[in-house]
Asks: 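Here you go, one structure.
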Amino acid sequence: MPAPGTGVPGVLPPVVPPPGQPSSPGVPSRGQRPDLPPGATGQPRPAGQADPLPARRLEDVQRDRRTFRQGDRTVIQEPGRVIIEEGGRTIIRHDETERFRSPGRAYRSERRGRDLVNVYDGPDGTQIITTIGPEGNLLRRSRRYRDGREVVIIDNAFDRPVGSVGGYYVDVPPPVVRMPRERYIVDAGSAPQEMIDEVLVAPPVARIDRRYTLDQIRYSPNLRAQMPSVDVNSISFDSGSWAVRPDQVQQLAGIAEGIRRALAANANEVFLIEGHTDAVGPPVDNLSLSDRRATSVAEILSQNFQIPPENLTTQGYGEQNLKVATQGPSEANRRVTVRRITPLLSGQNQQQQ
């Protein structure tokens, strides 16, 4: 693993304020990590300490943003998120343990060497173990059963393969899709449940020759495109908000049912929840909103439909992957996308049975 501060894209760098600028609340001083909650930054959370008060709307995020230059990169830190701009690419990273800290759910954190291990107790006696590296990146997530068996769900720590750029971007050609487009990108609002179920267990559209890390999948659009997906355009968010309104929750019922059926066949499936926006507004705002909305959708799937949080991971892309090529308002571009990424994580090509 690269040492902190070596300039490798996709790794949370230590943020150093400009010369002469003192640290202020929410701004790390020299050598500290960007302002992510404990559990993402390698800092254990004291027993009984509550989460910090989260931002509620975009204006809260904008008010508390801090931007720094660090070598060839720009680092934008905001409540619960860090945005890194480098080499013509922009990514956003968030606290990988946030969704597990629901009220009434027991968890604890402990230091193991340079890593932070978060253990969450499930209602059925299982434990979900999430290991966070010193740069704040997810290294591994596993499930430990009551009999002591432990199954790795996400391994994000194995060596970077040859051909990757900066440890997360994989330059692969776009897949050749031979199936009808409406079965490759399914519209959850109009598709029958059977079609949603089918796409959430479908194999890659092209052969996968090896396994990839979660970060490589997140930040490599052509790699993600190997997997069919379901688009949810029907959820309406209030302007500047990422909260899913109560009257919108049922829009996710079909997705939840499809994931539930997939997990009944394989309890270790992993689904990526993606947030996308149109191109209206500042790109940084769109990126932050999309990432927070993806997290909100994942939380609804777990809290309202009992989808285990360990089987979900989230990422926002803002306006980076427009479905319709327009710089104006577009409902088609404002969407949440769900895709099964287990074959990419495991390097397996078969359809789930």
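From a predicted model like this one, the values you see are computed outputs, not experimental measurements.
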Asks: When you compare the side chain of Pro283 with that of Glu319, does any pair of heavy atoms fall below 4.5 Å?
Replies: yes
Asks: What I'd like to find out is whether the side chain of Glu182 reaches to under 4.5 Å of the side chain of Asp187, using heavy atoms alone.
Replies: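 They are not in side-chain contact.
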Asks: Within the 4.5 Å heavy-atom criterion, are Arg141 and Leu214 side-chain neighbours or not?
Replies: no
Asks: Determine the sole option in Thr337, Thr314, Ile255 for which the side-chain contact (heavy atoms from CB on, under 4.5 Å) test with Ile273 is passed.
Replies: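 Between Ile273 and the candidates, side-chain contact (heavy atoms from CB on, under 4.5 Å) is satisfied uniquely by Thr314.
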Asks: Given the rule in the side chain to side chain contact (heavy atoms under 4.5 Å, CB included) test, do Phe305 and Val249 qualify, once you have shown the distances and angles that lead to the verdict?
Replies: CA-CA 10 Å; Phe305 297 99; Val249 168; 3.8 Å; yes
Asks: Taking Gly80's backbone N and O only, do any of them form a donor-acceptor pair with Asp95's side chain (distance below 3.5 Å, no angle check)?
Replies: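 Judged by distance alone, no pair lies under 3.5 Å.
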Asks: Any side-chain heavy atom of Asn268 sitting closer than 4.5 Å to one from Thr342?
Replies: no
Asks: Give a yes or no on this: more than 12 heavy atoms of other residues, nucleotides or ligands lie within 6.0 Å of atom CG of Asp247.
Replies: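 Counting neighbours around CG of Asp247, more than 12 heavy atoms of other residues, nucleotides or ligands fall under 6.0 Å, so yes.
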Asks: Using a 3.5 Å cut-off and no angle test, enumerate the donor-acceptor pairs between side-chain atoms of residues 234-241 and protein atoms at least two apart in sequence or in another chain.
Replies:
{"residue": "Ser234", "atom": "OG", "partner": "Gln251", "partner atom": "OE1", "Å": "3.0"}
{"residue": "Asp238", "atom": "OD1", "partner": "Arg245", "partner atom": "NH1", "Å": "2.9"}
{"residue": "Ser241", "atom": "OG", "partner": "Ala243", "partner atom": "N", "Å": "3.2"}

Asks: Hey, are the side chains of Thr67 and Thr74 touching, using non-hydrogen atoms and a 4.5 Å cut-off?
Replies: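 Yes; the side chains approach each other to less than 4.5 Å.
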Asks: Do Tyr317 and Arg218 come close enough that some side-chain heavy atom pair is under 4.5 Å?
Replies: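 With C-beta onward as the side chain, the pair touches.
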Asks: Return yes if some donor-acceptor pair links the side-chain N/O of Asp115 with the main-chain N/O of Thr131 below 3.5 Å, else return no.
Replies: no
